[in-house]
There are 2 protein chains.
Amino acid sequence: MGEVICTVDVVLLTIEQEQLMVALSEREHVPFAGRLALPGGYVHAQDASVFDAAMRVMRAKTGFTPPYLEQLATFSGPQRDPRGWSLSVAHYALVPFEMIGPAAAGRLSLVPVAALPELPFDHGQIVSEAVARLRSKSHYSSLPCFLAGDVFTLPQLQRMYELLMGEALNKVSFRRKMGEMDMLEAVEGAFGAAGAHRPAQLYRLKEAYRARVMTLERGL
Amino acid sequence: MGEVICTVDVVLLTIEQEQLMVALSEREHVPFAGRLALPGGYVHAQDASVFDAAMRVMRAKTGFTPPYLEQLATFSGPQRDPRGWSLSVAHYALVPFEMIGPAAAGRLSLVPVAALPELPFDHGQIVSEAVARLRSKSHYSSLPCFLAGDVFTLPQLQRMYELLMGEALNKVSFRRKMGEMDMLEAVEGAFGAAGAHRPAQLYRLKEAYRARVMTLERGL
DNA sequence: TTAATAGTGTCTGTTAGACAGTATGGG
DNA sequence: CCCATACTGTCTAACAGACACTATTAA
């Protein structure tokens with residue numbers, strides 16, 4: 001069968017104002033030209049892999065390289081694309097909001113995943129599965145760190161974990177776990193902008209953990 | 001790009017004699033005709049999805065429907081297949097050995113994953129990732145149950161978990177967990193074939209769990 | 001009876017969470 | 001001083017693992 005339409009799509013996720021947001025772009029071509037959909041594109045003969053194709057799409061549509069990109073799953077069937085039997089290798093990317101801000105002012109629109117509009121193809125389902133995967137992995141990995149910026153405070157990071165996991169976390173336990181993971185280092189002399197109270201220590205990921213995911217044996 | 005070669009491959013796994021085995025089939029066509037490789041095939045226009053294609057391949061090559069089949073990941077690139085830029089949506093299937101026995105007498109060969117021969121394409125890597133996924137999920141899910149037959153004893157099931165996880169498990173804890181999962185039911189009046197010692201109670205999966213995977217919050 | 005494995009009751013150490021205290025900023 | 005939030009020490013409850021004991025079969 002040579003007539004399979006092969007594409008990649010990327011679910012680009014970020015957190016802004018305590019909300020998980022997905023980046024959508026206006027489609028330039030038929031079908032669904034002008035509609036908001038996941039950024040994606042055809043697999044090219046020049047791509048070294050579908051991962052490479054997803055990276056290329058990200059760079060083209062956002063102007064940056066996402067700190068985290070992973071294959072999600074492949075969605076396929078005769079009905080999902082009006083052009084015919086199609087297959088999309090879906091990926092998901094995580095970026096801090098500061099990074100996506102400029103791009104979002106241009107062709108990308110950030111939409112809360114909690115209030116997603118109807119999307120073309122099966123993009124609604126793809127977003128659901130990406131969010132489910134991120135939520136699931138947040139229980140036992142350092143994935144949420146890729147949504148934080150270069151430096152962040154522990155209260156900020158804990159709020160991100162809580163947001164993704166959908167439940168309140170015990171402060172003492174959370175800090176104990178972060179300590180055990182031995183993944184963060186304090187940024188000397190720098191403190192988070194405080195209100196009328198004690199400011200929080202700033203941290204950053206240790207060098208070794210900026211390119212890989214840390215996983216915990218017993219979660220949280 | 002219309003020239004992407006779209007295929008599915010299935011890593012069919014079973015346990016025999018305390019060893020995790022993968023089912024390989026002799027390739028009928030070029031490239032690599034006559035070589036042992038993962039059972040697979042082209043995606044057809046009649047398939048409702050790549051999952052459907054994988055099911056069709058399983059039925060054609062084994063004569064049965066595997067109790068568990070899940071998409072693993074998509075492997076792709078210009079080099080992996082000498083025919084050109086190709087993409088394979090890899091799946092993995094779990095079956096009890098009793099089910100695969102007859103088919104294994106025919107076209108399928110069961111090979112221990114611990115002593116895998118060199119495989120064509122990137123099938124070696126695909127098997128590795130399937131095994132890694134199964135091992136990982138065995139820590140916190142009911143997946144190993146799909147490798148057991150209709151009925152089994154708790155010592156048998158524990159040995160399967162230990163085999164997959166690569167570590168000895170505490171008997172009391174294991175039974176406590178199985179109890180909490182509330183997934184098994186004793187088969188009345190039936191006991192495992194015993195030697196010169198007390199025979200073990202036989203169990204089976206409760207109806208509700210024969211078609212889905214149970215996951216544990218805190219592993220084991 | 002003995003040997004061998006199945007199954008269980010209970011103790012103990014480890015881990016997670018609750019709670020309350022101290023620390024440090026602004027007003 | 002007060003308030004608000006950051007951080008920490010410590011007690012308690014929940015859980016997992018070790019151990020030892022009973023149960024049940026064949027020889």
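Every value quoted in this text rests on a predicted model; they were computed, and no experiment measured them. For the numbers below, each heavy atom of this structure counts, side chains included, while hydrogens, waters and symmetry mates do not.
- Remark: R175(B) is in phosphate contact with dG7(C), judged by side-chain N or O atoms under 4.0 Å from OP1 or OP2.
- Mapped onto DNA chain D by nearest heavy atom, A196(A) and F191(A) fall at different nucleotides, with A196(A) at the one closer to the 5' end.
- Protein atom NE2 of H139(A) is 15 Å distant from nucleotide atom P of dA16(C), rounded to whole Å.
- Rounded to a whole Å, the CG atom of L216(A) is 19 Å from the P atom of dT14(C).
- Per the geometry, CZ belonging to F174(B) stands 17 Å off C1' belonging to dC15(D), to the nearest Å.
- Remark: C1' of dT14(C) and CD of E217(A) are 15 Å apart, rounded to the nearest angstrom.
- Between the base of dG7(C) and the side chain of K171(B) there is a donor-acceptor pair shorter than 3.5 Å.
- Salt bridge annotation for K137(A)-E70(A): present, with a cationic side-chain nitrogen under 4.0 angstrom from a carboxylate oxygen.
- Ranking dG17(D), dT8(D), dC7(D) by closeness to the V172(A) side chain, first place goes to dT8(D).
- A salt bridge is defined here as a Lys NZ or Arg NE, NH1 or NH2 lying under 4.0 Å from an Asp or Glu carboxylate O, and D150(A) with R204(A) fails to meet this definition.
- Separating the NE2 atom of H197(A) from the C1' atom of dT5(D) is a distance of 5 Å, rounded to the nearest angstrom.
- Following rounding to the nearest Å, E180(B) (CD) and dA16(D) (C1') show an atom-to-atom distance of 10 Å.
- Residue G195(A) is classed as a sugar-phosphate contact, given heavy-atom separations below 4.0 Å to backbone atoms only.
- Residue N170(A) has no polar side-chain atom (N or O) positioned under 4.0 Å from OP1 or OP2 of dA16(C).
- dA16(C) atom C1' lies 14 Å from atom CE of M178(A), rounded to whole Å.
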Show your reasoning for whether ring pair (Phe, Tyr, Trp, His ring centres under 6.0 Å) applies to Y161(A) and F174(A).
CA-CA 10 Å; Y161(A) 268 90; F174(A) 180 77; 5.5 Å; yes

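- Between K177(A) and dA16(C) there is a side-chain polar atom (N or O) within less than 4.0 angstrom of OP1 or OP2.
- Under 4.0 angstrom from either OP1 or OP2 of dC15(D) there lies at least one side-chain N or O belonging to R218(B).
- Among the atoms of the strands shown, none is found under 4.0 Å from any heavy atom of A194(B).
- Rounded to an integer number of Å, the gap from Q158(B) CD to dG7(C) P is 11 Å.
- In terms of phosphate contacts, R198(B) brings no side-chain nitrogen or oxygen within less than 4.0 Å of OP1 or OP2 of dT2(C).
- A donor-acceptor pair under 3.5 Å links the side-chain atoms of T14(A) to the main chain of F97(A), judged by distance alone.
- Comparing dG17(C), dA6(D), dA6(C) by their nearest atom to the side chain of R176(A) picks out dG17(C).
- With salt bridges taken as basic N to acidic carboxylate O contacts below 4.0 Å, none links R107(A) and E26(A).
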